[in-house]
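Order of the sequence lines fixes the chain letters, A, B, ..., with proteins taken first and strands second; residue numbering starts at 1 for each chain.
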2 protein chains.
Amino acid sequence: MNEANIYKALGDPIRLEMIKRLAHGNDYTISALSSDLGITRQGARKQLQVLVSVNLVRLKQQGRETKVHLDVKTLNIAQQFIAKLERQWESRLLALKDFAEKPQGH
Amino acid sequence: MNEANIYKALGDPIRLEMIKRLAHGNDYTISALSSDLGITRQGARKQLQVLVSVNLVRLKQQGRETKVHLDVKTLNIAQQFIAKLERQWESRLLALKDFAEKPQGH
DNA sequence: ACATTAAGCAACCTTTTGGTTGCATTTTAA
DNA sequence: TTAAAATGCAACCAAAAGGTTGCTTAATGT
């Protein structure tokens, strides 16, 4: 429920790699997504579950396999939030600049 | 050196709260930034160090106090990266849509 | 039918993380 | 010149994270 959890989920090289793959790849199964990550399938599955738990990723079972797909909406929440922080920062800088340029004399 | 480290740093409620404060507040000292977080000053200092270590934040000593300020450039790297993932996702969806709409009937 | 593939689950282990207490140091205010 | 303020540093601790092995089950291809 916390914004921090989304960043936390992105904050691991294996999980981030999964997200990268999903962002430009096609229709991964859990196995395909878990391969060539340098860890076991079971290890990868645990990492994948972290992504699921914060809704960065959704699972859909199809027969014996399970497809993984990105939930770009959650990704967008994360991106928007950082963008908002940046805007706050900018407007604060602007305020300071205005103050410096138009000193209210006495 | 890894992108994931930036998200990891943001992925803790206390560290994220610090970033929020810095984004719209003025010129925090370490002590001011560390107050009312629900943990000790020393605990907060350790969290702050995590932000420093990924360059989300910079420290500047002034006499007995140390000022903390945001490095918005690093924040921007994080934001741009997510935005890029989103664009990849969009263009992939678009490609699938085109394929469906203009079948290359052999 | 049988082997293989895709996956789940649990126990276990090591390292990292998040936090604490306690004490030392330096700068500044009274 | 002494007290308070701002900070640093280290040892320690519990819990969480990241990963493994081993075993089970359910679908599917041959």
Below 4.0 Å: OP1/OP2 of C:dG8 and any side-chain N or O of A:Arg45: yes
Hey, which of these two, A:Gly11 or A:Gln42, hits DNA chain D nearer its 5' end, going by closest nucleotide? A:Gly11
Is any side-chain heavy atom of B:Lys60 less than 4.5 Å from a side-chain heavy atom of B:Gln62? yes
When you check the phosphate oxygens OP1 and OP2 of C:dA6, does a side-chain N or O of A:Thr29 lie under 4.0 Å from one of them? no
Atom pair OG1 (B:Thr66) and CZ (B:Arg45), whose distance is rounded to the nearest 0.5 Å: 7.5 Å
Per the under-4.0 Å heavy-atom filter, residues of residues 48-67 of chain B near DNA chain C come out as B:Gly63, B:Arg64
Does the A:Thr74 side chain pair with the main chain of A:Asn55, one donor and one acceptor, at a distance under 3.5 Å? yes
Does B:Arg41 contact D:dG8 through a side-chain donor or acceptor facing the base, at a distance under 3.5 Å? yes
Would you call the rings of A:Tyr7 and B:Tyr7 parallel, tilted or perpendicular, taking 30° and 60° as the class edges? parallel
Measure CD1/B:Ile30 against P/D:dA6 and give the value in whole Å, please. 12 Å
Phosphate OP1/OP2 of C:dG19 contacted by B:Gln47 side-chain N/O (<4.0 Å): yes
N or O in side chain of A:Lys8 less than 4.0 angstrom from D:dA17 OP1/OP2: yes
Given D:dT7, is OP1 or OP2 found less than 4.0 Å from the side-chain N or O atoms of B:Ser31? yes
